[in-house]
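Protein chains get the first letters and strands the later ones, always in sequence-line order, with residue 1 at the start of each.
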2 protein chains.
Amino acid sequence: MSAPKLLLVEDDTALAELVEYRFRGEGYDVRTTDDGDEALLLAAEDTPDLVLLDWMIGGTSGIEVCRRLRRNKSTAHVPIIILTARSDEDDRVRGLETGADDYVTKPFSPRELIARVGAVLRRVRPALAGETITVGDLALDPTAHRVTRCGQAIKIGPTEFRLLRHFMEHPGRVFSRGQLLDAVWGSGSDIELRTVDVHIRRLRQAIAIPGAADPVRTVRSAGYALEGV
Amino acid sequence: MSAPKLLLVEDDTALAELVEYRFRGEGYDVRTTDDGDEALLLAAEDTPDLVLLDWMIGGTSGIEVCRRLRRNKSTAHVPIIILTARSDEDDRVRGLETGADDYVTKPFSPRELIARVGAVLRRVRPALAGETITVGDLALDPTAHRVTRCGQAIKIGPTEFRLLRHFMEHPGRVFSRGQLLDAVWGSGSDIELRTVDVHIRRLRQAIAIPGAADPVRTVRSAGYALEGV
DNA sequence: GTCCGGCGTCACGACTGCGTAACAAATGGC
DNA sequence: GCCATTTGTTACGCAGTCGTGACGCCGGAC
């Protein structure tokens with residue numbers, strides 16, 4: 001597995017510690033802040049896989065954090081779960097309108113929250129929830145770090161693994177070299193665009209089997225895509 | 001044999017005797033107290049594998065026992081099942097927030113409780129629920145602290161034993177060095193990451209037999225895994 | 001006290017795989 | 001068909017990672 005990174009924004013210290021403890025126990029990598037502005041900074045410097053966002057916090061209000069997360073390119077698609085003491089419909093609607101993916105009303109049990117987080121992650125990033133993804137004759141098990149094609153194991157390097165995993169999480173979609181660098185190498189990496197080509201080649205070589213078509217498609221002057229289905 | 005140790009904290013003597021009787025019949029090792037403070041003492045001197053905790057007891061309240069168990073390092077990860085006469089949501093949430101793993105409302109049938117205990121133990125400590133764990137040609141008896149490969153006994157040190165046990169509880173799964181430190185050495189340990197490598201080596205050496213493949217897989221830049229099945 | 005097993009750390013070496021550059025091939029526009 | 005652009009392929013130096021042996025330390029046995 002690759003320890004999904006959570007960002008917890010919560011100003012009730014006791015609750016924050018409890019949630020952090022339980023999620024660590026579930027194998028998550030949790031970072032906590034009680035301040036909205038700091039949350040945006042933390043999210044920008046190391047993009048989390050999911051944000052748990054208290055509705056009422058100091059600094060910036062939850063709804064504002066939500067909006068600003070969405071506005072920033074690197075965090076635009078990070079799923080957000082709102083935690084709130086209020087339970088009225090208005091807030092729930094406003095939260096979901098702002099782009100939240102789920103909504104948990106306090107008081108909640110950690111188990112419930114864990115279940116919700118799992119559900120959202122499974123929906124958005126199946127591999128993060130530890131499920132094996134299958135695209136065509138390819139299968140990738142994120143927890144075992146193992147790739148098979150037509151049932152037989154594939155020897156694959158770390159970078160190619162992450163590259164393939166990213167493709168398999170979005171089958172059929174075309175990614176530019178820049179997008180791949182952001183997603184696979186990290187948004188801060190200062191790598192030549194052409195380096196992607198080389199790793200695409202290495203990936204192709206790794207997953208090649210005689211008599212089968214190459215599932216990695218080159219889209220000229222656009223990027224690469226994994227053949228869906 | 002693996003006799004999981006239960007600590008029952010219950011001030012209703014009749015109920016306590018009944019539960020104790022039934023669990024002994026299931027092969028559990030049960031100790032009982034009706035006092036919260038004594039429970040903490042008993043738990044500290046001989047860490048149980050699971051605590052059955054009545055919500056309303058003399059001495060210290062259930063929720064307080066729960067908290068103090070969590071606070072103590074040696075008992076921080078012991079699963080707790082709350083027994084309570086109340087059934088209102090508030091208490092349920094408070095119990096789970098305090099770190100309880102499950103919740104059984106009185107009156108309950110002993111069979112239900114036994115099932116719940118089994119479920120929790122299976123989830124938290126697979127090695128405790130069954131006899132010995134077997135992965136491939138390896139067998140590990142958690143209570144006897146004994147490891148065999150292909151039937152022949154293996155001499156293995158304490159740390160390597162815990163390491164192997166953790167691997168065998170999650171066969172095939174890749175663990176980073178940090179995760180292994182948390183799981184095997186304890187989450188508070190301040191140990192060099194590379195120390196894991198050394199113990200991996202010692203484990204490999206211990207379980208090596210001529211002509212058989214090494215079941216410990218190195219996943220470059222990710223961690224280690226035990227070859228599943 | 002001595003002995004001893006086991007633990008944590010370090011240093012060295014081997015090796016993997018990464019990023020880049022340079023060249024070859026392919027593609028598309030005209 | 002020709003040229004410019006884009007992509008495929010190969011080779012290479014280098015940084016990072018891992019395996020391994022050695023060492024000092026500590027705690028328990030005796």
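The closest side-chain donor-acceptor pair between B:Arg177 and B:Tyr224 falls under 3.5 angstrom. In summary, the side chains of A:Arg204 and A:Thr218 do present a donor paired with an acceptor at a separation below 3.5 Å, with no hydrogens or angles considered.
For B:Glu160, counting side-chain heavy atoms from C-beta on, the closest listed nucleotide (D:dT9, C:dC7, D:dC18) is C:dC7. Of the candidates D:dG21, C:dG19, C:dT20, the closest approach to any side-chain atom of A:Trp185 belongs to C:dG19. The side chain of A:Val198 lies closest to C:dT20 when the candidates are C:dT20, C:dC18, D:dT7.
Annotation: side chain to side chain contact (heavy atoms under 4.5 Å, CB included) contacts of A:Ala222 (sequence neighbours excluded): A:Val174, A:Val219. Legend: residues meeting side chain to side chain contact (heavy atoms under 4.5 Å, CB included) with A:Arg202, ordered by chain and number and at least two apart, are A:Glu160, A:Val198, A:His199.
Between the NE2 atom of A:His145 and the P atom of C:dG17 there is a distance of 14 Å, given to the nearest Å. Taking atom CD1 of residue B:Ile191 and atom C1' of nucleotide C:dC10, one finds them 14 Å apart after rounding to whole Å. The separation between B:Phe161 atom CZ and C:dC7 atom C1' is 18 Å, rounded to whole Å. The interatomic distance linking A:Asp197 (CG) with D:dT10 (P) rounds to 14 Å, in whole Å. Distance, A:Leu181 CG to C:dC18 P: 14 Å, rounded to whole Å.
Proximity of B:Phe23 to B:Asp29: side-chain heavy atoms (C-beta onward) are nowhere separated by under 4.5 Å. Side-chain contact between A:Leu40 and A:Val65 is present, with at least one heavy-atom pair separated by less than 4.5 Å.
The 5' end of DNA chain C is approached more closely, in terms of each residue's nearest nucleotide, by A:Gly157 than by the other of A:Arg194 and A:Gly157. Of the residues near DNA chain C, B:Ile156 and A:Lys155, the one whose nearest nucleotide (by heavy atom distance) lies more toward the 5' end is B:Ile156.
Remark: B:Thr218 is in phosphate contact with D:dG19, judged by side-chain N or O atoms under 4.0 Å from OP1 or OP2. Between A:Thr159 and C:dC18 there is a side-chain N or O to OP1 or OP2 distance below 4.0 Å. Residue A:Arg177 places at least one side-chain N or O under 4.0 Å from the OP1 or OP2 atom of D:dT7.
Shown are A:Glu20, A:Glu38, A:Glu10, A:Glu17; of these, the side chain to side chain donor-acceptor pair (under 3.5 Å) with A:Thr32 is made only by A:Glu20.
If you check distances only, the side chain of A:Arg220 does reach the base of D:dT5 with a donor-acceptor pair under 3.5 Å.
Near DNA chain D, defined here as any heavy-atom distance below 4.0 Å, the residues from residues 199-217 of chain A are A:Arg201, A:Arg202, A:Arg204, listed numerically.
Across all strands, B:Val196 comes closer than 4.0 Å to no nucleic acid atom at all (heavy-atom distances). Across all strands, B:Thr195 comes closer than 4.0 Å to base atoms (heavy-atom distances). Residue contacts shown for B:Tyr224 are limited to sugar-phosphate atoms, with no base heavy atom under 4.0 Å away.
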